[in-house]
Every structure is written in structure tokens, then in C-alpha cells.
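Okay, so here's the structure we're looking at.
Keep in mind it's a predicted model, so treat the numbers as computed, not measured.
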Amino acid sequence: MKQVNLQHLFRMSLLASSIALTACGTETIIEDNSQVISQDVGQLDIMLRDAAEDFLTYAVDISQITLTRADGAVVNVLPNNPRVDFVEYQTLSEFFSSQTIASGVYTHVAFTLDYSSSEIIIKDELGNPIVASAIDAEGNPLSQYTLDIALDEQQQLAILPGKAAALTLDFDLAASNTILSTAPALVEVSPILVVDAELDSDRDHRVRGLLQSSDESSITLDIKPFRFKDGDFGRKTLNFDENTQFEINGELLSLAQASEVLASLAADTPIIAYGRFDKQTEQWLMASMQVGTSVPWHNQDLLRGVAVANDNGSISLKGVVIEPQDRTARFVKTTTLISGDQTKINSWNGQTDLAPTMIAVGSKIQALGQWQETETGTSFNVEDGLVRLKISRITAKVNEAEGLNVNAILANKHSVNWYQWQDNSTSPDSMSIKLNGLTPQTTSGDWVQIRGNFIKSGDFDFDAQSVTKLEFESQKAVATVYNLSQSPVANLVENKLVLDQAATKHLKLASIPLAISEDLDLNSINFADSGEFVIKKSFEFSLQTFTNSTEFLQEIAKLIEQGAEIKRVTATGIYQLDGQEITSSRCLVVVK
């Protein structure tokens with residue numbers, strides 16, 4: 001068991017950070033895992049990631065990130081105080097900084113977040129945006145909070161010469177957040193922290209920075225996360241190859257063309273790169289790069305949203321996030337895209353001959369241009385700018401498997417009722433999918449998620465890149481349970497918590513919208529032998545964390561015998577439709 005001490009209960013659920021360290025230098029001697037002898041240094045790479053998909057915007061200020069060495073030395077690894085909208089990090093991690101730190105054994109990690117001016121926006125049942133308030137388990141509003149994490153022996157970070165080390169701090173987002181209501185809009189937060197001693201090489205990473213040098217297969221950047229222009233966040237070398245997609249100054253280029261242009265660019269040219277870390281080569285290989293005027297830093301504002309109507313090239317958007325050049329992002333319910341003959345439009349599939357009138361309703365859009373706000377309304381001018389059609393996603397029920405015709409209920413996570421489909425000559429309850437050689441194994445009545453892009457005219461409504469059948473069996477899920485019986489100790493059977501009928505249960509399956517999983521039930525929570533199991537006592541700013549479920553359940557039983565009451569259980573694990581239970585390796589129990 002380990003203790004996690006909080007100065008105050010902190011909204012850790014929306015911050016997930018990967019910390020990768022590569023040790024260098026000469027000899028480091030560690031005695032009894034506590035004595036730090038050498039002052040050699042290692043390289044510290046920090047990534048931020050993840051947001052719960054129920055949030056449209058989740059912007060919060062990060063005030064401090066520190067590591068504490070076994071001898072008490074404290075290292076602040078936050079060179080600036082960024083405001084981060086974590087909704088950006090649902091599918092990728094942000095490369096935050098690369099710094100040198102002293103070798104040794106690090107036993108504590110601390111975060112400080114400032115919620116005093118945060119912006120949290122959730123969706124109601126129809127997908128409409130609502131500004132929400134964040135509260136802790138006792139109903140108190142969140143402000144500035146510090147979380148100090150004491151790592152146990154298996155999690156302590158030893159920096160040794162000549163050996164790469166990594167530390168991933170992963171806050172379980174879905175398990176840590178419960179939207180209590182939409183009127184008023186309240187989000188209750190109780191944290192679960194998972195520590196993993198390696199970098200996530202299966203996840204896409206974004207690296208933003210200023211070009212310092214390049215050759216035929218790599219670039220070196222001064223890292224500038226979150227559109228920062230100042231501050232020393234370190235340097236990083238990134239590799240690319242023939243599979244990398246290059247967009248430089250608004251133009252899509254081949255590898256040979258891109259290598260030549262990169263070599264001619266001036267130092268400090270802005271670049272955004274997306275890719276993954278290859279464990280075998282220990283290199284960062286980029287899947288795509290945006291360079292020069294393709295980067296929002298280049299005297300342009302950034303827009304992200306979805307097209308809900310297209311009246312002969314006048315495009316209306318909803319769910320819009322604007323990132324002006326001053327880096328302060330803001331959410332806007334609706335706006336209009338003003339385009340012209342000089343507007344460049346690039347698509348994820350490499351298509352560049354598109355006109356504004358061809359942008360289909362439902363499209364997920366990223367645009368570079370000028371944000372305009374007047375007394376009569378708002379608009380985003382891309383007459384001399386760039387529009388990117390990003391990969392869209394629909395969730396639908398199969399009408400006809402042959403040729404694939406579907407009844408869509410969600411488009412880019414929003415209700416189909418948001419959109420004016422008549423502008424596409426489309427009906428959401430009968431969408432025809434262009435399969436492009438795909439052979440999905442589906443039948444009528446199956447639920448599917450389809451990735452690709454919407455089509456404004458022709459025989460098809462959606463151009464598919466992939467079709468995935470949604471499975472309800474053996475799905476990753478999060479369950480939150482309230483209102484357990486007053487004497488739930490009887491419900492603890494071996495390694496199970498059996499749920500009584502009076503309990504209030506909220507079950508969310510990964511990739512399965514609530515609209516099609518709300519009829520599923522949950523009978524019990526089955527605890528894996530090992531994992532991350534947390535007990536939080538109401539009105540106390542501390543957590544007990546266990547890696548062994550037997551010890552965890554024994555502690556719960558002891559607390560209940562002493563008169564404690566289980567207030568809430570949040571479990572993350574694999575849901576079994578047969579038996580209607582979750583096998584959980586991550587669980588938070590709040591007792592009162």
C-alpha cells in the first residue's frame with residue numbers, strides 16, 4: 001500500500017503525463033535505494049495527454065510539476081505556466097519539454113493546477129454546449145490544488161548511466177469524472193492515478209517547435225508546446241520517411257520535395273509534427289508534419305469545429321474552439337466560415353482540388369485564418385487562409401449490409417439533429433457508404449463506427465477509411481455506483497462486490513455511445529488480483545492506494561466494520577455481457 005497526500009483534492013483526472021528519462025553521464029552509485037551519490041544528469045521528456053470525450057472544452061492552468069529525489073532535492077520540470085485544453089488530447093499526447101535533471105532515485109511527483117479561471121464545457125442530451133462547474137466529492141468548488149504522489153518501491157524512478165528509463169503518470173479520466181447533472185451543469189471529480197515505468201509507444205504524440213536544423217531524414221526542433229513562442233522547453237530530434245505526409249506553407253509535398261524545402265528554411269520556422277516513439281530504434285518517427293504558414297503561429301488564428309450547414313459555400317459551424325494568436329483558447333457555440341477563390345482546402349486523403357461549395361455538412365474542420373467578432377455576430381475569415389478536412393467519424397446502425405447503408409445517430413460525437421443534412425441531399429437514417437474495397441463483416445442491426453469523410457453529392461454520403469463493428473462483449477468500461485446498502489460488507493464475496501438492486505449504476509462502455517448502451521445492467525464488480533485500487537475518505541485530503549486487491553478489500557471491510565459507509569465506487573475494467581459484471585484492475589472507493 002502507498003499513501004498519496006493531497007494539500008487539497010485536485011482535479012487530476014484531466015491531466016495525464018508521460019515522463020520519459022534517458023540517463024547519461026558516468027557512474028552513479030545508489031545505496032539501499034535511498035542514497036544519491038552522483039550529480040550526473042539525465043534527459044527528461046514530458047508529455048501531456050487525454051480528456052474525457054464528454055467534454056467539449058476543458059481548459060485549466062498548470063502551475064507546477066516537480067520531482068523529488070530520495071535525498072530531498074526538488075526539481076521543477078515546468079519551465080512555464082501553460083493553459084491547456086485537454087480536449088485536444090483524446091487521441092494523442094503533447095510533447096511538453098525535454099530537460100536535463102540530476103541522476104538519482106526519484107520518489108515523489110507533485111502537480112499544481114489552477115482552476116480559478118478554468119473553462120469547462122459539457123454536452124447535454126442533444127449535444128448542446130453547457131458551461132459546467134467542477135466540484136469535489138463533498139460538493140466543494142475546485143480552485144488551486146496540489147497533488148503529491150509518493151511512489152512505492154516498484155514505481156520509484158532510478159536514473160542510471162547509459163540506460164533509458166521512463167515514467168508514465170496516467171490519470172484515469174473516465175473513472176475520475178462523473179457528470180452529475182446538466183441543469184445545473186456539475187461535474188464531480190475523484191482522482192485515480194496509475195503509474196507505469198515506460199513511455200506509451202502505441203499512442204500518437206504531437207511535437208510543436210521551431211526548426212533548428214534538418215537533413216534528408218530528420219529535423220531538430222526547439223520545443224514550444226501549446227503555441228508558446230518563448231521559454232526554454234529543450235530540443236528534440238524527429239525522424240521522417242517516405243510514409244510521412246508533409247504540408248509546407250499550405251502545399252502537400254512528397255518526401256523529396258519536402259527534404260529540399262526543409263533544407264532551405266530559415267531557423268525558427270514553426271513546425272507541428274505528429275508521430276510515435278519506436279522502442280526498437282529509440283527514435284521518434286513522424287507520420288505527418290505541418291510547416292511554415294501551415295502552422296497557426298504564423299500570424300494566423302486557429303479554428304476547430306464541425307460544418308452543420310453549407311449554403312452555396314457559406315459554411316455554418318458548431319462546437320467551435322478558437323485559438324487566437326494570443327494563445328487563449330475559447331469555445332464558441334456557432335460561427336460562419338468566410339471563404340473565397342483563394343481559400344486552400346486540403347483533405348486527409350490528399351485531395352487538394354476542393355472548392356468551399358464542396359465541403360459537406362458533417363465535416364470535421366480545422367482552419368487557419370482570421371477570427372472576427374462584432375456586435376452582430378462572429379465569423380472566421382479564410383479568404384486567404386487554409387481549411388483542412390480532418391477525418392470524421394459516424395456511429396450508426398446497419399440498415400443493409402450489402403453495399404452498407406446505415407442509420408446514423410452521431411456524427412463526430414454530436415447528435416445528427418445538429419446538422420442540416422438537406423444541404424448534402426442526405427438523410428441520416430439512410431446513409432450510403434462508399435467502401436473503397438473494404439469488406440466489413442456486418443449484418444442488418446449491427447452497430448458500427450465508420451471513419452472517413454462526408455460527401456456532398458453523388459451516389460454516396462460518406463467515403464469510408466475504416467468500418468468497425470461495435471462489440472458489447474469484453475469491452476473496456478467504466479462503472480460508477482451510488483446508493484449501496486447501509487451494510488455492504490455482506491456484499492463483499494471473495495474478490496467481488498455484489499451490487500444490490502437499490503444501487504444507482506452508471507455504466508459506460510468504451511466506443512459505445514450512451515444512447516445505445518443505456519439498457520445494459522451491472523450485477524457485480526470482480527477485482528483482478530493486481531492493479532491500482534484506491535480508497536478515499538470523505539473530508540480527508542489523502543488517498544490509500546493498493547496494488548493488491550486482497551489488501552484493498554480487507555481494508556474496505558475493516559472500515560465498514562468501524563462504521564464507515566461506502567459513498568461511491570468507480571471501477572474501470574472489462575465488461576462481460578454474459579454475467580453483466582466488470583473485472584476491474586482500477587477502482588476508486590469513497591467512504592464516509
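Residue D529 places its CG atom among 12 or fewer non-hydrogen atoms of other residues, nucleotides or ligands, all under 6.0 Å distant. Counting non-hydrogen atoms of neighbouring residues, nucleotides and ligands closer than 6.0 angstrom, the CD atom of E402 reaches no more than 12 such neighbours. Counting heavy-atom neighbours within 6.0 Å of D521 CG, excluding the residue itself, gives a total above 12. Other residues, nucleotides and ligands place more than 12 heavy atoms under 6.0 Å from the NZ atom of K505.
With rounding to the nearest 0.5 angstrom, the CD atom of Q465 is 12.5 Å from the CZ atom of R393. In this structure, CG in L520 is found 7.5 Å from CD in Q580, a value given to the nearest 0.5 Å. The NZ atom of K364 lies 7.5 Å from the NZ atom of K390; values are rounded to the nearest 0.5 Å. We find the CG-OG distance between N412 and S392 to be 4.0 Å, quoted to the nearest 0.5 Å. Atom OH of Y274 and atom CG of D204 lie 10.0 Å apart (nearest 0.5 Å). In this structure, the separation between NZ on K496 and OG on S524 is 4.5 Å, given to the nearest 0.5 Å.
The heavy-atom pair separating Q280 from D278 by the smallest distance is N-OD1, 2.9 Å. The shortest heavy-atom contact between D461 and M431 is OD2-CA, 3.3 Å. Here the shortest heavy-atom pairing between D429 and N407 reads CA-OD1, 3.2 Å. Heavy-atom minimum distance, A477 versus L509: CB-CD1, 4.0 Å. Contact record, L553 with N495: CD1-CA, 3.7 Å, taken as the closest heavy-atom pair. Considering every non-hydrogen atom in both N523 and G579, the closest pair reads ND2-O, 3.5 Å.
A donor-acceptor contact shorter than 3.5 Å is absent between the side chain of S363 and the backbone of V361.
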Applying side chain to side chain contact (heavy atoms under 4.5 Å, CB included), run through L435 and L404 and close with a yes or a no. CA-CA 8 Å; L435 291 175; L404 198 56; 3.7 Å; yes

Side chain to side chain contact (heavy atoms under 4.5 Å, CB included) assessment of D463 paired with N436: CA-CA 8 Å; D463 189 2; N436 299 305; 2.4 Å; yes

Please report the C-alpha distance between I566 and V589 in whole Å, then the side-chain angles of each, then the deciding distance to 0.1 Å, and finally whether the side chain to side chain contact (heavy atoms under 4.5 Å, CB included) criterion is met. CA-CA 7 Å; I566 295 180; V589 173; 4.1 Å; yes

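Taking the six-membered ring for Trp and the full ring otherwise, the centers of F533 and F546 sit at least 6.0 Å from each other.
F454 pairs by the ring pair (Phe, Tyr, Trp, His ring centres under 6.0 Å) definition with W421, F462, not counting sequence neighbours. Under the rule for a side-chain hydrogen bond (donor to acceptor under 3.5 Å, both in side chains), the partners of T504 that lie at least two apart in sequence or sit in another chain are N483.
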Tabulate below the donor-acceptor pairs under 3.5 Å that side-chain atoms of residues 439-450 make, not counting sequence neighbours, or state none.
unit_1 : atom_1 : unit_2 : atom_2 : d
Q441   : NE2    : T439   : O      : 3.0
T443   : OG1    : D446   : OD2    : 3.2
S444   : OG     : N399   : O      : 3.2
D446   : OD2    : T443   : N      : 2.8
Q449   : NE2    : T395   : OG1    : 3.4
Q449   : NE2    : S511   : O      : 3.1

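Evaluated for a side-chain contact (heavy atoms from CB on, under 4.5 Å) with M289, the options L238, V207, T244 yield exactly one hit, T244.
The pair K558-E561 does not count as a salt bridge, with every side-chain nitrogen at least 4.0 angstrom from each carboxylate oxygen.
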